[in-house]
Trainee: 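First, the structure itself, so that you have it in front of you.
Just so it is clear, the structure is predicted and the values come from calculations on it, not from any experiment.
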Amino acid sequence: MESTPGSSEYVTLVSGDGFEFIVPRSTACVSGTIRRMLDPSSRFSEAVTGRCVLENMSGLVLEKVCEYLCYNLKNKNQTNVPDMDIPPELCLELLMAADYLDT
C-alpha cells in the first residue's frame with residue numbers, strides 16, 4: 001500500500017525564515033493547532049501535504065518548539081521530569097508560540 005503525504009508518519013514544520021524540521025506526526029500533534037491543521041477531515045492544505053508553514057516563527061524558535069514537542073511526548077507518563085533548558089532571550093517568543101500552537 002502506497003503512503004500519501006497526508007498519511008505519512010512524518011510531517012515538515014517550516015519557519016517563517018525558511019528552516020524546515022521533519023518530525024514524527026505523533027510528535028507534531030502534541031500541539032493542538034498542528035493536530036487540527038493535519039486532521040484528514042479538515043480542509044487545510046496541510047492535511048494533504050503534511051507540511052505546516054508557521055510564518056510567525058523564526059527557525060530558532062521553531063527549533064526549540066520541536067525540541068519541546070519531542071521532550072513532552074517522551075516524558076508524558078513520567079514523574080519528576082526535569083525542566084527543559086530555555087534560553088532567557090527566547091522566553092517571550094516561546095510563550096507566544098506555545099499560546100499559538102495550543103501546547
Trainee: Could you list the donor-acceptor pairs under 3.5 angstrom formed by side chains in residues 78-97, with sequence neighbours left out?
Mentor:
none

Trainee: Apply side chain to side chain donor-acceptor pair (under 3.5 Å) to Asn72 and list each qualifying residue two or more places apart in sequence or on a separate chain.
Mentor: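 Partners of Asn72 under the side chain to side chain donor-acceptor pair (under 3.5 Å) test: Tyr68.
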Trainee: Looking only at heavy atoms, which two atoms of Val30 and Arg35 are closest? And how far apart?
Mentor: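 Shortest heavy-atom separation between Val30 and Arg35 comes out as O-NH1, 3.9 Å.
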Trainee: Identify whether the distance between the nearest side-chain nitrogen and carboxylate oxygen of Arg36 and Asp102 falls below 4.0 Å.
Mentor: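 Between Asp102 and Arg36 there is a salt bridge, with a charged N closer than 4.0 Å to a carboxylate O.
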Trainee: Please say yes or no: joined through hydrophobic side-chain contacts below 4.5 Å, possibly via intermediate residues, are Leu60 and Leu13 part of one cluster?
Mentor: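 Per the 4.5 Å side-chain linkage, Leu60 and Leu13 are co-clustered.
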Trainee: Is there a chain of hydrophobic side chains (I, L, V, M, F, W, Y, each step under 4.5 Å between heavy atoms) that links Val53 to Val61?
Mentor: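 No; Val61 is not reachable from Val53 via cluster members.
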Trainee: Between Ser26 and Leu73, which heavy-atom pair has the shortest distance, and what is it?
Mentor: OG-CD2, 3.8 Å
Trainee: Which atom pair, heavy atoms only, marks the closest approach of Ser31 to Leu69?
Mentor: N-CD2, 4.1 Å
Trainee: Which pair of non-hydrogen atoms, one from Asp17 and one from Gly59, has the smallest distance, and what is that distance?
Mentor: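 Nearest pair, atom of Asp17 first, then Gly59: OD1-N, 2.8 Å.
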Trainee: Restricting to non-hydrogen atoms, name the atom on Cys29 and the atom on Leu38 that form the minimum distance, rounded to 0.1 Å.
Mentor: SG-CD1, 4.2 Å
Trainee: How close do Cys66 and Phe21 get, heavy atom to heavy atom, and via which atoms?
Mentor: SG-CB, 3.7 Å
Trainee: Are any side-chain N or O atoms of Thr49 and backbone N or O atoms of Ser45, one a donor and one an acceptor, separated by less than 3.5 Å?
Mentor: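 Checked: pair present.
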